[in-house]
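Heads up: the structure comes next, in structure tokens.
Any value given below was found using the heavy atoms of this structure, including those in side chains, with hydrogens, waters and symmetry copies removed. Remember, it's 1-based here, ligands and their atoms both numbered in the order they're listed.
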Amino acid sequence: MSTDPVLFDTFASADGCWHNLRLAPGLFEAGAPVEQDAPACIAVRQGRIAWVGPHASLPADCAGLPHHDGRGMLATPGLVDCHTHLVYGGQRAGEFAMRLAGASYEEVARAGGGIVSSVRATREATEDELFAQALPRLSQLLDEGVCAIEIKSGYGLALEHERKQLRVARRLGRALGVTVRTTFLGAHALPPEYAGRSQDYIDRVCSEMLPALAAEGLVDAVDVFCERIAFSLAETEQVFQAAHRLGLPVKLHAEQLSNMEGAALAARYGALSCDHIEHLSQQGIEAMRGAGSVAVLLPGAFYALRDTHLPPIAALRAAGVPMAVSTDHNPGTSPCLSLLLMASMACTLFRLTVPEALAGITRHGAQALGLQHEHGLIAAGRPAHFVLWPVGQAAELAYWFGSRPDCTIVRQGRIARMSRHGRD
Ligand code: DI6
Ligand code: FE
């Protein structure tokens, strides 16, 4: 196997005091009260945030640290993309054309396209080829400030190929210096060799694939696509039981195309999140609230499928269920490489407020991955992951779309990108 490029280790340390910043409201915990837009500082020591707060209250032991000029930029936590299928072979632009010509997602799937065509391409690719194809995609997401990302399997659908995907996910995290949470999605689609034998496949997922991959340390969480065109509620529960036996948290592709009451089932297993949820019922909402599950909204898939059935945002808000926003990056229904675009679309299509959308790509995204103590908030004691944006106000992060802001990125305590803002 070829050695991975050491891309990240060469970046400069972010240690020092970052002066002349503004802090995005609601996304930090300061060491002293902060007046909105008052000049603020973030002190970084040994790769961790040592202090954050107003310049006027900077502790004496931070004042002497090496100086970084934030040039008046707006600081947010590093972004968190909490639902992606980033590692796969090939692409499906042909299917995009079919859908534009009138075929539905379900029709494409039944015609042998859809997920199964990505399965073919993923099985044919070597681990190194999958790595090489995913690397530029991940780089694009990171260039926009993503500091933690979930990557699912689910295009291998056989032990060796699922393993390949998950190993690539781990390698990507090491090569690019980004927190990667791997999710086993062996129950994503029925592999063609199991046609008509769904139960046999689920048995294999539970008794062979998941235990083997978990034993190799490749699985941080377990997901299922619970849907008419995928797996039933009973099959989903079987996979959840297998996850529980291994002590792994679960999450669910729930109620995307129809209401299967999958969210209520997932909540019974203490799911970290229920994702898509366009057809989520009030009963599902109550169950999620009780379990503390995050609602992950995926406007990219909604848009690409030209869906019109909106997720129940007002009811989720009323119930106090935290809402995250993610790309759902995948080759079929969301070939999207911008988390900021998803924040914009969550506002425009789903009517989230800007603060909700920004919490969705930071705090709540982190919670959906069980990473709420390390990611999603600028606070002392945490690893240094933050982004400095050349914008006047936080709303601009969701307002502009299709733009690539010239941001400074501090990831894992290193300067991963330096803005030119204010330097010329
Ligand atoms: N829901 C989705 O939106 C993706 N997977 C899933 O379970 C679509 C995956 C694909 O079409 O390749
Ligand atoms: Fe998905």
Does the side chain of [X] come under 3.5 Å of the side chain of [Y] through a donor N or O and an acceptor N or O?
X    : Y    : value
H83  : H85  : yes
D275 : S273 : yes
Q282 : E286 : yes
T122 : Q165 : no
H188 : H253 : no

> Listing by chain and number, what protein N/O/S atoms are under 2.8 Å from the Fe ion (ligand 2)?
Replying inline: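 Under 2.8 Å from the Fe ion (ligand 2) - ignoring waters, which are not counted - the protein N, O or S atoms are H83 NE2, H85 NE2, H253 NE2, D328 OD1.
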
> Please walk me through it: do D203 and R197 pass salt bridge (Lys or Arg N to Asp or Glu O under 4.0 Å)?
Replying inline: CA-CA 10 Å; D203 289 346; R197 294 189 296 129; over 6 Å; no

Ligand 1 atoms in contact with [X] (distance to a heavy atom under 4.0 Å):
X    : answer
Y155 : 9 (C), 10 (C), 12 (O)
G332 : 11 (O), 12 (O)
D328 : 2 (C), 3 (O)
N330 : 3 (O), 4 (C), 8 (C), 9 (C), 10 (C), 11 (O), 12 (O)
R92  : 10 (C), 11 (O), 12 (O)

>> Judged on heavy-atom distance to atom 5 (N) of ligand 1, which of Q256, H253, H188, E227 sits nearest?
In response: H188

> F11 ring centre to R414 NZ or CZ under 6.0 Å, with the angle to the axis within 45°?
Replying inline: no

> Is E216 salt-bridged to R167, going by a charged N under 4.0 Å from an acidic O?
Replying inline: no

> Which atoms form the tightest heavy-atom contact between G70 and L388, and what is the distance?
Replying inline: CA-CD1, 4.4 Å

> Which atom names give the shortest non-hydrogen contact between E261 and Q283, and what distance separates them?
Replying inline: OE2-OE1, 3.8 Å

> Quick one: does Y88 get within less than 4.0 Å of ligand 1, heavy atoms only?
Replying inline: no

>> So, 4.0 Å and heavy atoms of H276: is ligand 1 close enough to count as a contact?
In response: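 Yes; H276 lies near enough to ligand 1 that a heavy-atom distance drops under 4.0 Å.
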
>> Just to confirm my output: which protein heavy-atom neighbour is closest to atom 8 (C) of ligand 1, and how far is it?
In response: Y105 OH, 3.2 Å

> Hey, is ligand 1 close enough to S118 that some N/O pair sits below 3.5 Å?
Replying inline: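 Checking ligand 1 against S118, no N or O pair falls under 3.5 Å apart.
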
> With backbone taken as N, CA, C and O and side chain as the heavy atoms from C-beta onward, which portion of L185 lies under 4.0 Å from ligand 1: side chain, backbone, both, or neither?
Replying inline: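 L185 to ligand 1: no contact under 4.0 Å from either part.
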
>> Is there a side-chain contact (heavy atoms from CB on, under 4.5 Å) between Y194 and L157? Walk through the geometry before answering.
In response: CA-CA 10 Å; Y194 278 86; L157 308 185; over 6 Å; no

